Engineer: 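To start, I am sharing the structure in question, which I have written as structure tokens.
Quick caveat, the model's predicted, so the values are computed rather than measured. Letters A, B, ... mirror the listed sequences (proteins, then strands); counts begin at 1. FYI, side chains are in, hydrogens and waters are out, and symmetry mates aren't considered; it's all heavy atoms of this structure.
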Number of protein chains: 2
Amino acid sequence: MNTILLNILRQRGYRITPQRELILNAAMQSQAHVTAETIFERVQQHTQALNIATVYRTLDLLVTEGLFRRTDLGGGSMVYAPTEHGPHIHLVCYKCQQTLEAEYQLVANLTSEIQQRHHFSADLHHVSIFGLCANCQPSN
Amino acid sequence: MNTILLNILRQRGYRITPQRELILNAAMQSQAHVTAETIFERVQQHTQALNIATVYRTLDLLVTEGLFRRTDLGGGSMVYAPTEHGPHIHLVCYKCQQTLEAEYQLVANLTSEIQQRHHFSADLHHVSIFGLCANCQPSN
DNA sequence: GCTATAATTGCGACTATTCGCAATAGCAAA
DNA sequence: TTTGCTATTGCGAATAGTCGCAATTATAGC
């Protein structure tokens with residue numbers, strides 16, 4: 001049972017509903033990125049009392065509150081991960097759809113440069129970069 | 001009438017259909033980014049002989065052939081622009097949805113670093129970076 | 001413990017996009 | 001110019017995600 005994140009939400013004035021508890025627990029259940037659909041299925045194994053729209057709305061809330069990150073890994077649906085899992089970037093191949101994880105370090109100073117030059121606070125903590133992996137690049 | 005891009009497609013073994021001509025012309029009609037829906041509406045002013053799925057498929061083709069770029073500007077639908085319009089990056093605000101254009105230069109050496117370290121050919125030519133604009137950042 | 005109120009949920013409709021499949025039609029070769 | 005092959009299209013259904021609105025409910029104040 002994850003009380004830490006629930007308490008953060010409560011402190012920020014959000015109501016703690018059974019649905020939010022269920023979603024949060026299901027979302028924290030694995031170390032990997034999860035889709036809304038996966039969370040929905042996990043919760044449904046215990047109870048019927050949940051609508052998929054609520055899953056999306058709760059995940060949106062968690063993302064805008066900075067507790068989760070949403071990433072497009074090119075698989076057709078967005079994936080979510082707790083912010084505490086630490087920043088890293090995703091290299092997603094256009095062609096074969098494979099994804100590589102890379103160190104956040106690569107984009108760290110891009111963030112500060114964008115802040116200085118454009119006063120824009122870029123969120124690159126779980127960003128996806130699309131392109132072609134080694135195997136799929138034309139070899140000439 | 002845009003014969004240059006049509007010839008490139010022909011040379012690469014793709015068939016030139018009336019639909020592809022119409023879509024290509026409509027897509028090149030303005031300097032700005034366009035959505036599939038916009039292209040579809042433009043073409044429909046001339047003829048009914050076009051299906052929205054074909055618009056999406058043709059745009060996909062143009063993107064995978066490197067002739068167009070697809071970008072998510074956070075407005076709910078993807079936008080497309082000819083590659084020849086030149087690279088630039090988009091700073092998209094999570095909160096107010098406003099987008100700023102910035103120089104490609106900012107990410108130029110990130111591309112080569114990713115190539116060196118991960119042998120991954122990153123495509124950052126029209127990338128969107130999400131975050132908070134100056135107005136929407138907490139001011140403390 | 002009750003009540004009032006505003007946040008949250010469920011539901012059904014809607015949007016953007018993709019997909020499978022049968023029908024159509026470019027284009028290369030004869 | 002006709003033919004045949006296969007790429008491409010149209011269609012309708014499916015998927016991921018969002019939205020408006022009425023019903024429900026968490027929580028602050030009594």
Engineer: With a cut-off of 6.0 Å (strictly less than), are more than 12 heavy atoms of other residues, nucleotides or ligands near CD of B:Glu65?
Structural biologist: yes
Engineer: Hey, does the side chain of A:Thr64 reach the backbone of A:Asp60 with a donor-acceptor pair shorter than 3.5 angstrom?
Structural biologist: yes
Engineer: Contact class for B:Gly13 (heavy atom, under 4.0 Å): base, sugar-phosphate, or nothing?
Structural biologist: nothing
Engineer: Do A:Arg57 and A:Gln19 come within less than 4.5 Å of each other through their side chains, counting heavy atoms only?
Structural biologist: no
Engineer: Looking at every strand, decide which applies to B:Ile16 at a 4.0 Å heavy-atom threshold: base, sugar-phosphate, or nothing.
Structural biologist: sugar-phosphate
Engineer: Report the distance from atom CZ of A:Arg15 to atom P of C:dT9, rounded to the nearest whole Å.
Structural biologist: 10 Å
Engineer: Report the distance from atom CG of A:Asp72 to atom P of C:dA16, rounded to the nearest whole Å.
Structural biologist: 18 Å
Engineer: Using whole Å, what does the distance between atom C1' of nucleotide C:dT17 and atom CD of B:Glu37 come to?
Structural biologist: 11 Å
Engineer: Please state how far atom CG in A:Leu6 lies from atom P in C:dT8, giving the value in whole angstrom units.
Structural biologist: 13 Å
Engineer: Atom pairs, N/O to N/O, protein against nucleotides 11-15 of chain C, distance under 3.5 Å?
Structural biologist:
none

Engineer: In whole Å, what is the span from the CD atom of A:Glu21 to the C1' atom of C:dT8?
Structural biologist: 14 Å
Engineer: B:Leu24 and B:Val79: same hydrophobic cluster, using ILVMFWY side-chain contacts below 4.5 Å?
Structural biologist: no
Engineer: For DNA chain D, note the earliest and the latest nucleotide, 5' to 3', having some atom under 4.0 Å of a heavy atom belonging to chain B.
Structural biologist: D:dT6 to D:dC11
Engineer: Hey, any chance B:Leu132 and A:Phe68 share a hydrophobic cluster, counting ILVMFWY side chains that come within less than 4.5 Å of each other, even indirectly?
Structural biologist: no
Engineer: In this structure, which one of A:His125, A:His126, A:His88 forms a ring-ring contact (aromatic ring centres under 6.0 Å, His included) with A:Tyr104?
Structural biologist: A:His125
Engineer: Please answer: with hydrophobic residues joined when any side-chain heavy atoms are less than 4.5 Å apart, are B:Val127 and B:Met78 in the same cluster?
Structural biologist: no
Engineer: For atom CD of A:Gln44, is the number of surrounding heavy atoms from other residues, nucleotides or ligands below 6.0 Å larger than 12?
Structural biologist: yes
Engineer: Does CD in A:Glu103 sit with more than 12 non-hydrogen atoms of other residues, nucleotides or ligands closer than 6.0 Å?
Structural biologist: yes
Engineer: I need the CG-P distance between B:Leu9 and C:dC27, as an integer number of Å.
Structural biologist: 11 Å
Engineer: More 5' along DNA chain C: A:Ile52 or B:Ser77, using each one's nearest nucleotide?
Structural biologist: A:Ile52
Engineer: A:Thr58 has a side chain; which of C:dT17, C:dC27, C:dT9 sits nearest to it?
Structural biologist: C:dT9
Engineer: Assuming nearest nucleotide by heavy-atom distance, tell me which of B:Tyr14 and B:Arg70 is located more 5' along DNA chain C.
Structural biologist: B:Arg70
